[in-house]
Protein chains: 2
Amino acid sequence: MKKVTINDIAKKLGVTPSTISRALADNQRVSQATRDKVKRMAQEMGYQPNLMASSLRKGKSDLIGMIVPRINRHFFSNIISGVEEILNPAGYSLLIMQSHEELEAEVKAVHSLMRNRVGGIIISLSVETNSFEHLQGVVDANVPLVQFDRVCKNLKGPKIVNDNITGAYLATRHLIQSGYKNIAHFSGNKMINVYGERIIGYKKAIAEAFGEVDESLIMEDIITRDSGLETIQQVLKEKEIDAVFCAGDYSAFGVFEGLKDLKAEFPGKFGLVGFGNEPFAEMLHPSLSSIEQDGREVGRIAAQEMIDAINGVLHNIERVVPVEFKERESSKKININF
Amino acid sequence: MKKVTINDIAKKLGVTPSTISRALADNQRVSQATRDKVKRMAQEMGYQPNLMASSLRKGKSDLIGMIVPRINRHFFSNIISGVEEILNPAGYSLLIMQSHEELEAEVKAVHSLMRNRVGGIIISLSVETNSFEHLQGVVDANVPLVQFDRVCKNLKGPKIVNDNITGAYLATRHLIQSGYKNIAHFSGNKMINVYGERIIGYKKAIAEAFGEVDESLIMEDIITRDSGLETIQQVLKEKEIDAVFCAGDYSAFGVFEGLKDLKAEFPGKFGLVGFGNEPFAEMLHPSLSSIEQDGREVGRIAAQEMIDAINGVLHNIERVVPVEFKERESSKKININF
DNA sequence: TTGTAAGCGTTATCAC
DNA sequence: GTGATAACGCTTACAA
């Protein structure tokens, strides 16, 4: 079965393709009568416009590229849903690629999207990303680039981020208020904005309460479950700590497992807070306190910024989305009756 | 900065666009020397082929559409990764859409993909999908359709499914072997292949052990956490059951919560098994026994079938991917010392 | 209000 | 081994 084109409709109706094109686009310059006639016929013949041809001619595409480190992170899949929520009704479709946290894959993804002539790219950088030529190329090609979560401040364009500083501050302050005194922070690579900012929030709360910050309690590059588990086992042998604020829920779960293995009195003598509020956080026993990042909202804003940028209004700003502290059992008040 | 085209390269090199096109495609009929020269120049000028133009001309696209009910289900995001693993290296990109379990959204997604002239569609049906014209249209348009997980057997083309019958059989048999006697099954809509098959596996195990099946112990349309919770609360008031096999991990988690609320002796006096092995299953306490479906493998096979179909070899078969029972605490042996 | 014709960037089919 | 030309399906000045 061959695809129906506007030429087929034109022949059937005894008019020219241009009239069909205009009629389908609801162009005022074609009479209401023909517009109706054309639309009815198009429907009847099962016409589906060829968006490739249309995009080629118009020089703009309704495909938006999206690159995330991993699609199976709750936070990222929520963002995708938020983006779709705005972009699909506006007539855009999403070309989604994963970088799997690797720079090389990210570069390939960018090139692939550019070859497909996407109308714009929405991206959260991989943890490995320390060079930015591939993204500078996007900007130089005048393709709107919207960044979110893990962003590079040196690239022009909208950046949507969570309020990491406040989130980390709230998490740490809560541990302090619960009576914990020696609070370690398991972070990621501090050169990455999200982790750097969480460290700032952590330090702020600690300094506020205790005056000075013990830098040796801040440990970097701990974002996986395995590294969380290994690190807590190691640290408990060497240091006197009674709580950990993790920059992610997966590493927090590693700590959680370590504490259970060691039969630590947890919670009660040991406090734990994560970041990200993955679905499993509330399912654990004890349930894991965490910072909820509103991924849908981040996605919606990113999508709106993309639409604005496509329409010629590129905001070179950073939009900060609030976060919320979810208080659960893992960080409850220290047990003083011993 | 304007986009570089083959015409630009052609002018620069003093040859015609056709030569450039051929050279870049490694056509034997152009000399090795010019091929090298052209490629070097293309590289230097930062040429990125316009795939829209290419697809339009060739009448085939390197975009593959993919429709899943929800992107944030572990199973589905794994499948997406598996599909990417095969499709990206082969030069295809994925246009991903979510149906959010709604027929209307699914129909829209199909049309959107068709308008974008994707080279094929890989889909898992929404729970609501009970009419299939939108998919028949895909088949009629000669666009390869590969189905996975929730499939419609009446549509031609490859179908990749998990071995639901065996999975359900293993889960139920395990509960029986652990000493549970009155095992209910919380299922989905039995008209959907995956749920229908799980019911068959459940019945097979029950019949094998006890001779007859009490149909009133099979409850349909329980696939969410909330419905799992509500149903177990209700059922425990009315019936004498000591175990549940759930057709999904989310409903199993609802049951899990219900049992905890009721302070049931669980596990020990009550057994529970889920399906899907979501990441949280092993994180629960007690950990949830479940059936592991190898999503990556399902995705890889679906992608391979798609590539075959694009190359003209459309297999009208159902490929069954094995599952694995993950034995954990929630289904451990019944507590007989009371 | 509608028609004409050119062109978006490729590639396939002829030629030479 | 390379060039000329038409065509994929659509949109848009410019005419009429």
Side-chain angles (χ1 to χ4, degrees), chain A residues 1-39 41-42 45-63 91 114-119 141-143, chain B residues 1-39 41-42 45-63 91 114-119 141-143:
Chain A
M1 215 182 279
K2 267 309 255 85
K3 275 269 142 196
V4 184
T5 73
I6 52 172
N7 298 288
D8 302 331
I9 307 180
K11 277 195 198 112
K12 208 98 169 190
L13 252 39
V15 292
T16 57
S18 26
T19 302
I20 307 294
S21 175
R22 284 191 276 250
L24 292 174
D26 249 328
N27 190 319
Q28 305 290 359
R29 288 167 39 179
V30 45
S31 76
Q32 190 63 52
T34 26
R35 263 188 275 170
D36 291 346
K37 202 170 56 182
V38 167
K39 283 181 186 166
M41 180 55 84
M45 297 177 73
Y47 171 73
Q48 294 279 25
N50 186 330
L51 293 185
M52 288 189 329
S54 165
S55 300
L56 179 60
R57 173 62 234 251
K58 292 202 283 197
K60 60 196 294 278
S61 148
D62 65 328
L63 252 39
M114 292 300 280
R115 279 196 296 274
N116 277 295
R117 294 298 188 272
V118 292
N142 270 318
V143 172
Chain B
M1 217 180 280
K2 265 313 251 81
K3 275 270 143 197
V4 183
T5 73
I6 52 172
N7 297 287
D8 302 330
I9 307 180
K11 275 194 199 117
K12 207 99 170 187
L13 252 39
V15 293
T16 57
S18 9
T19 303
I20 308 295
S21 175
R22 283 190 278 248
L24 292 174
D26 251 326
N27 190 319
Q28 306 290 356
R29 287 170 39 184
V30 46
S31 76
Q32 189 62 53
T34 27
R35 262 189 274 171
D36 292 345
K37 203 171 54 183
V38 166
K39 282 181 188 167
M41 180 56 83
M45 298 176 70
Y47 170 72
Q48 293 279 27
N50 186 329
L51 295 184
M52 287 188 329
S54 167
S55 300
L56 177 59
R57 177 60 237 251
K58 293 201 283 197
K60 61 196 291 277
S61 147
D62 64 329
L63 252 38
M114 293 300 280
R115 279 196 295 274
N116 277 295
R117 294 297 188 271
V118 293
N142 269 318
V143 172

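Bear in mind that the values here come from a model prediction, so they are computed numbers and not experimental data. Chain A is the first sequence line, chain B the second, and so forth, proteins listed ahead of strands; every chain is numbered from 1.
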Task: First and last nucleotide of DNA chain C, 5' to 3', lying under 4.0 Å from heavy atoms of chain B - done: C:dG9 to C:dA15

Task: Minimum side-chain heavy-atom gap B:D62-A:N116 below 4.5 Å - done: yes

N/O to N/O distances under 3.5 Å, protein versus nucleotides 14-16 of chain D:
| from | atom 1 | to | atom 2 | distance (Å) |
| --- | --- | --- | --- | --- |
| D:dC14 | N4 | A:R29 | NH2 | 3.2 |

Open item on the list: Counting only heavy atoms and a strict 4.0 angstrom limit, can you tell me which residues of residues 51-62 of chain B come near DNA chain D?
Closed with: B:L56, B:R57

Task: End axis versus end axis in the helix from C:dT1-D:dA16 to C:dC16-D:dG1, the angle rounded to 10°, five pairs used at each terminus - done: 40°

Can you list, pair by pair, the side-chain donor-acceptor contacts under 3.5 Å of residues 18-25 of chain B, counting residues two or more places apart and other chains?
| from | atom 1 | to | atom 2 | distance (Å) |
| --- | --- | --- | --- | --- |
| B:S18 | OG | B:T16 | OG1 | 3.4 |
| B:T19 | OG1 | B:T16 | OG1 | 3.4 |

Task: Contacts of type side chain to side chain donor-acceptor pair (under 3.5 Å), residue A:D36, not counting sequence neighbours - done: A:Q32

- [ ] With sequence neighbours excluded, tell me which residues meet side chain to side chain contact (heavy atoms under 4.5 Å, CB included) with B:V4.
- [x] B:D8, B:I9, B:M45, B:Y47

Task: Gap between atoms CD and P, on A:Q28 and D:dT12 respectively (whole Å) - done: 15 Å

Sequence neighbours excluded and cut-off under 3.5 Å, please list the side-chain donor-acceptor pairs for residues 50-61 of chain B, or say none.
| from | atom 1 | to | atom 2 | distance (Å) |
| --- | --- | --- | --- | --- |
| B:N50 | OD1 | B:M52 | N | 2.9 |
| B:N50 | OD1 | B:A53 | N | 3.1 |
| B:S55 | OG | B:L51 | O | 2.7 |
| B:S61 | OG | B:L63 | N | 2.8 |
| B:S61 | OG | B:R117 | O | 3.3 |

Task: salt bridge (charged side-chain N to carboxylate O under 4.0 Å, His left out) partners for A:K12, two or more places apart - done: none

Task: salt bridge (charged side-chain N to carboxylate O under 4.0 Å, His left out) partners of B:R35, counting only residues at least two apart - done: B:D26

- [ ] Report the residue (A:G14 or B:P17) whose heavy-atom-nearest nucleotide on DNA chain C is the more 5′ of the two.
- [x] A:G14

